[in-house]
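Order of appearance sets the numbers: ligands from 1, and atoms from 1 within every ligand. Just so it is clear, the model here is predicted, and its values are computed rather than measured.
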Amino acid sequence: MVSEFKLIRRFFTRATPGAVLGVGDDAALLHVKNGMELVVSTDMLVSGTHFFPDNDPFFLGHKALAVNLSDMAAMAAQPRWATLALSLPEVDETWLEKFSAGLFALADEHHVELIGGDTTHGPLNLCITIMGEVPHGTALRRSGAQVGDDVWVSGVLGNAALALVHMQGRMQLAAEDFAACALALHRPMPRVALGRALRGVAHSAIDISDGLLADLGHILDCSNVGAEIAFNALPVSSSLQRYLEQPLGKHCLLAGGDDYELCFTASVAHRFEVERIAASLGLLLTRIGTITAEKKCTVRAEDGSIVNIEESGYDHFR
Ligand code: ADP
Ligand code: MG
């Protein structure tokens with residue numbers, strides 16, 4: 001049996017040149033640059049709720065950090081540091097090796113340093129707190145949407161949810177569609193560069209973790225506005241396109257969770273600027289609707305009829 005300290009040293013201790021003090025003391029020490037605000041967020045992945053216990057540990061390491069990076073992206077923050085609280089049913093060194101490799105691969109890509117954490121025995125539970133920086137006053141909030149703003153989303157929506165309904169046996173996907181969508185579910189790509197680029201351009205932003213309608217709904221609630229969304233404008237992958245007419249198809253698109261794309265609003269005057277950002281990042285950005293004064297969210301089909309879906313998003317306690 002490996003000791004907790006050896007385990008931390010072997011799997012979770014790396015050089016942290018961006019911190020005053022990293023792993024190994026009672027706490028880490030961080031220096032936030034002048035003129036910057038500290039941005040902090042925590043996201044937890046629980047076995048059985050957010051993933052299956054037999055999920056590939058490399059992808060779990062990736063995803064545990066990715067969902068946190070996505071929150072930094074939504075705030076337009078530059079992620080800098082993370083802590084990892086890990087509860088493990090057993091010390092499985094092969095599992096830990098792959099988990100930490102997946103976590104550090106994504107951390108390195110974003111220059112994020114793991115500066116501490118906690119390791120305990122218990123049901124498998126992965127909790128990361130992420131810290132980032134944003135120039136004073138430039139963070140994007142949910143509360144900034146203005147009437148007349150364009151509503152935008154990055155990437156395509158619904159692929160992760162489509163993979164999940166297939167895994168749950170609620171829909172049957174062709175093998176190549178499942179392969180494409182499973183990647184979206186297990187390896188989300190947080191839109192950190194997009195978030196940064198939207199400083200001073202977007203009025204509001206959120207990351208889509210619980211489905212477009214639920215998360216856009218948070219922007220609308222916080223901003224005291226409504227929205228009119230064009231169903232036909234929504235960015236659908238070629239995979240989802242094939243299942244869109246099936247009972248759960250529209251649900252995946254409008255209310256599927258785990259996309260980790262950004263939804264943001266920006267004034268019409270910034271349309272070309274947003275398109276320039278899309279081109280410079282090589283990222284699909286799609287204008288899907290408009291912010292309205294009437295405080296409700298309407299999704300409209302091309303013929304003017306209203307598109308309804310029963311549940312608008314994933315709520316753990318519903
Ligand atoms: P304490 O008992 O003082 O809380 P711990 O023994 O829990 O300290 O942790 C020792 C050091 O290892 C601390 O710097 C802590 O932040 C770090 N640490 C513990 N678990 C992890 C982990 N899973 N990943 C990264 N650092 C960790
Ligand atoms: Mg201590």
Side-chain angles (χ1 to χ4, degrees), residues 1-33 36-73 75 77-133 186-190 192 207 209 258 260 316:
M1 183 75 178
V2 214
S3 85
E4 178 194 330
F5 304 104
K6 277 195 181 140
L7 186 155
I8 295 165
R9 201 172 317 130
R10 177 163 163 210
F11 297 110
F12 300 111
T13 307
R14 297 273 192 94
T16 52
V20 181
L21 186 64
V23 169
D25 212 308
D26 292 308
L29 295 172
L30 307 174
H31 176 76
V32 180
K33 289 189 215 89
M36 304 296 254
E37 282 163 353
L38 182 65
V39 188
V40 183
S41 175
T42 299
D43 240 328
M44 177 158 68
L45 297 186
V46 178
S47 179
T49 303
H50 300 96
F51 62 89
F52 302 107
D54 62 351
N55 273 172
D56 183 322
F58 184 91
F59 285 130
L60 278 180
H62 172 100
K63 189 162 177 176
L65 184 60
V67 301
N68 279 277
L69 289 172
S70 183
D71 285 320
M72 292 287 109
M75 298 299 290
Q78 175 62 50
R80 297 281 319 271
W81 310 283
T83 61
L84 168 67
L86 198 56
S87 164
L88 298 168
E90 60 183 339
V91 176
D92 176 341
E93 295 184 42
T94 312
W95 190 96
L96 280 165
E97 184 78 61
K98 290 181 179 157
F99 174 82
S100 74
L103 188 141
F104 279 116
L106 186 63
D108 290 347
E109 210 177 291
H110 291 275
H111 310 289
V112 167
E113 297 175 356
L114 188 67
I115 47 102
D118 199 20
T119 309
T120 67
H121 181 260
L124 184 57
N125 194 341
L126 318 166
C127 183
I128 289 183
T129 294
I130 192 139
M131 287 147 275
E133 291 177 309
H186 296 306
R187 207 193 57 184
M189 289 304 187
V192 176
D207 68 318
S209 52
D258 269 355
Y260 300 103
H316 287 278

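- Looking at D118 against ligand 1, both its backbone and its side chain come within 4.0 Å, counting heavy atoms.
- For ligand 1, the atoms closer than 4.0 angstrom to any heavy atom of G116 are 16 (O), 24 (N), 25 (C), 26 (N), 27 (C).
- Counting only N and O atoms by type, the side chains of D207 and S70 include a donor and acceptor under 3.5 Å apart.
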List, one per line, each side-chain donor-acceptor pair under 3.5 Å for residues 5-21, sequence neighbours excluded.
residue	atom	partner	partner atom	Å
R10	NH1	E93	OE1	2.3
R10	NH2	E97	OE1	3.3
T13	OG1	I8	O	2.9

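- Listed by atom number, the atoms of ligand 1 under 4.0 Å from D26 heavy atoms are 3 (O).
- Every atom of ligand 1 is numbered from 1 in the order shown, and the set under 4.0 Å from a heavy atom of F5 is 6 (O).
- Inter-residue side-chain proximity for I130 and V39 is flagged as unmet; no heavy-atom pair is nearer than 4.5 Å.
- The V23 neighbourhood of ligand 1 comprises atoms 12 (O), 14 (O), 17 (C), 26 (N), with distances under 4.0 Å to a heavy atom of that residue.
- In this view, D258 and K63, Y260 satisfy the side chain to side chain donor-acceptor pair (under 3.5 Å) rule, not counting sequence neighbours.
- Judged purely by atom type and a 3.5 angstrom limit, N68 uses its side chain to pair as donor or acceptor with the backbone of D43.
- Counting heavy atoms under 4.0 Å from ligand 1, residue L114 touches it through the side chain alone.
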